[in-house]
Amino acid sequence: MIDRLLAFDTAALDAIQGLRCPFLDAVMPFISGLGDGGAVWIGLTLVLMLFRKTRKTGYMMALALVLGLLIGNLTLKPLIARIRPYDANPDVTLLIDRLSDYSFPSGHTLASFEAAAVLLLQYRAKAIPALVLALLIAFSRLYLYVHYPTDVLAGALLGVAFAFLARFAVERMLARRAEL
């Protein structure tokens with residue numbers, strides 16, 4: 001089972017490498033960079049927290065991002081310790097610097113889907129640009145050969161789950177505070 005999954009991951013990555021062209025080689029590192037350290041999502045969270053009308057959404061995003069950091073990046077990555085695809089296939093030309101952490105789950109995808117899912121839960125159609133950016137960041141991680149498709153899928157699924165959990169927790173906390 002694990003062998004078939006790894007074969008799928010590798011075949012999918014190799015197929016994506018067939019898309020390589022100068023335009024995407026220039027754009028994908030930039031798009032991926034937007035997700036470095038969750039910076040774009042943290043910035044958006046801080047902006048949302050500034051305004052009373054959007055503060056609750058900012059709290060939800062902050063909680064989701066903290067969950068992703070603690071569970072995804074600080075717990076699952078070192079626990080699973082999956083090597084990066086470029087370590088398994090050193091013949092691939094990297095467009096970004098080698099990374100010092102593990103591959104599973106994709107932290108960029110995790111943070112992106114946490115934020116985009118919170119926004120979708122709160123604002124529906126207005127959140128489509130965030131979802132598009134999350135999808136682009138996730139794809140960039142595959143294009144750049146720094147994550148396997150299952151790393152990205154796990155990041156997306158965990159991100160959505162943490163968004164729902166954060167929404168539930170913030171709603172419950174605010175309801176309890178209102179009762180006091």
Side-chain angles (χ1 to χ4, degrees), residues 1-2 4-20 24-25 27-45 60-90 92-121 127 129-166:
M1 172 73 164
I2 297 291
R4 283 189 286 178
L5 191 57
L6 184 57
F8 163 78
D9 270 349
T10 303
L13 277 181
D14 291 344
I16 291 168
Q17 289 300 291
L19 302 174
R20 295 276 302 259
L24 290 176
D25 285 359
V27 170
M28 286 297 152
F30 172 78
I31 290 171
S32 183
L34 293 174
D36 287 353
V40 70
W41 307 116
I42 292 169
L44 179 57
T45 299
M60 290 175 191
M61 283 179 62
L63 179 55
L65 290 168
V66 167
L67 288 169
L69 173 68
L70 295 174
I71 297 170
N73 290 337
L74 298 179
T75 303
L76 291 176
K77 275 186 185 256
L79 184 65
I80 295 169
R82 186 178 196 187
I83 65 168
R84 299 235 176 223
Y86 57 73
D87 288 327
N89 183 2
V92 172
T93 302
L94 289 180
L95 300 174
I96 61 172
D97 293 335
R98 292 178 160 280
L99 302 165
S100 61
D101 63 347
Y102 293 107
S103 187
F104 184 93
S106 167
H108 281 68
T109 305
L110 177 57
S112 297
F113 275 83
E114 287 165 339
V118 165
L119 292 170
L120 280 167
L121 288 169
L131 180 60
V132 169
L133 180 58
L135 289 166
L136 286 171
I137 289 172
F139 179 76
S140 75
R141 306 305 284 169
L142 299 171
Y143 186 90
L144 296 172
Y145 219 83
V146 296
H147 283 292
Y148 292 101
T150 50
D151 302 338
V152 169
L153 179 61
L157 293 174
L158 284 171
V160 170
F162 292 154
F164 274 96
L165 182 59

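Excluded from the calculations below are hydrogen atoms, water molecules and symmetry mates; all remaining heavy atoms, backbone and side chain alike, are included. Numbers here are sequence positions counted from 1.
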Closest non-hydrogen atom pair between [X] and [Y], with its separation:
X	Y	answer
Ala138	Val152	CB-CG1, 3.7 Å
Gly72	Pro105	O-CD, 3.7 Å
Ala116	Ala134	CB-CB, 4.0 Å
Tyr86	Val146	CE2-CG1, 3.8 Å
Leu119	Ala130	CD1-CB, 3.6 Å
Ala111	Gly38	CB-CA, 4.4 Å

Looking at [atom1] of [X] and [atom2] of [Y], how far apart are the two atoms once the value is rounded to the nearest 0.5 Å?
X	Y	atom1	atom2	answer
Ile137	Phe113	CD1	CZ	9.5 Å
Thr150	Phe8	OG1	CZ	8.0 Å
Leu144	Asp97	CG	CG	11.5 Å

Residue list, side-chain hydrogen bond (donor to acceptor under 3.5 Å, both in side chains) with [X], at least two apart or on another chain:
X	value
Tyr143	Asp25
Asp36	His108
Ser140	none
Ser32	Arg141

### Query
So which pairs with a foot in residues 110-119 pass side chain to side chain donor-acceptor pair (under 3.5 Å), sequence neighbours left out?
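Pairs touching residues 110-119 that pass the test: Trp41-Ser112.
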
Compare all side-chain heavy atoms of [X] with those of [Y] and state whether any distance is below 4.5 angstrom.
X	Y	result
Ile83	Ser103	no
Phe139	Ile16	yes
Pro85	Thr10	no
Tyr148	Leu6	yes
Phe164	Val118	no
Arg20	Leu95	yes

### Message
Looking at Arg98, I'd like to know if its CZ atom is crowded, meaning that more than 12 non-hydrogen atoms belonging to other residues, nucleotides or ligands lie closer than 6.0 Å.
### Response
yes

Pairwise salt bridge (charged side-chain N to carboxylate O under 4.0 Å, His left out) hits with a residue in [range], at least two apart:
range	result
residues 153-166	none
residues 150-160	Arg82-Asp151
residues 64-76	none

Taking only residues two or more places apart in sequence or in another chain, which ones pass side chain to side chain contact (heavy atoms under 4.5 Å, CB included) with [X]?
X	answer
Asn89	Asp14, Asp91, Val92, Tyr145
Val66	Leu70
Ala161	none
Leu69	Asn73, Leu74

### Task
Test side chain to side chain contact (heavy atoms under 4.5 Å, CB included) on Met28 and Ile96 and set out the steps.
CA-CA 10 Å; Met28 286 297 152; Ile96 61 172; over 6 Å; no

### Task
I would like to know whether Leu136 and Leu34 meet side chain to side chain contact (heavy atoms under 4.5 Å, CB included); could you show each step before the answer?
CA-CA 10 Å; Leu136 286 171; Leu34 293 174; over 6 Å; no

### Task
Without swapping roles, check the side chain of Arg84 against the backbone of Tyr102 for a donor-acceptor pair under 3.5 Å.
yes

### Leu158 and its side chain to side chain contact (heavy atoms under 4.5 Å, CB included) partner, picked from Ile71, Leu76, Leu153, Thr109
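Only one of Ile71, Leu76, Leu153, Thr109 forms a side chain to side chain contact (heavy atoms under 4.5 Å, CB included) with Leu158, namely Leu76.
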
### Task
Check the pair Leu142 / Leu13 against side chain to side chain contact (heavy atoms under 4.5 Å, CB included), numbers first and verdict last.
CA-CA 6 Å; Leu142 299 171; Leu13 277 181; 4.0 Å; yes

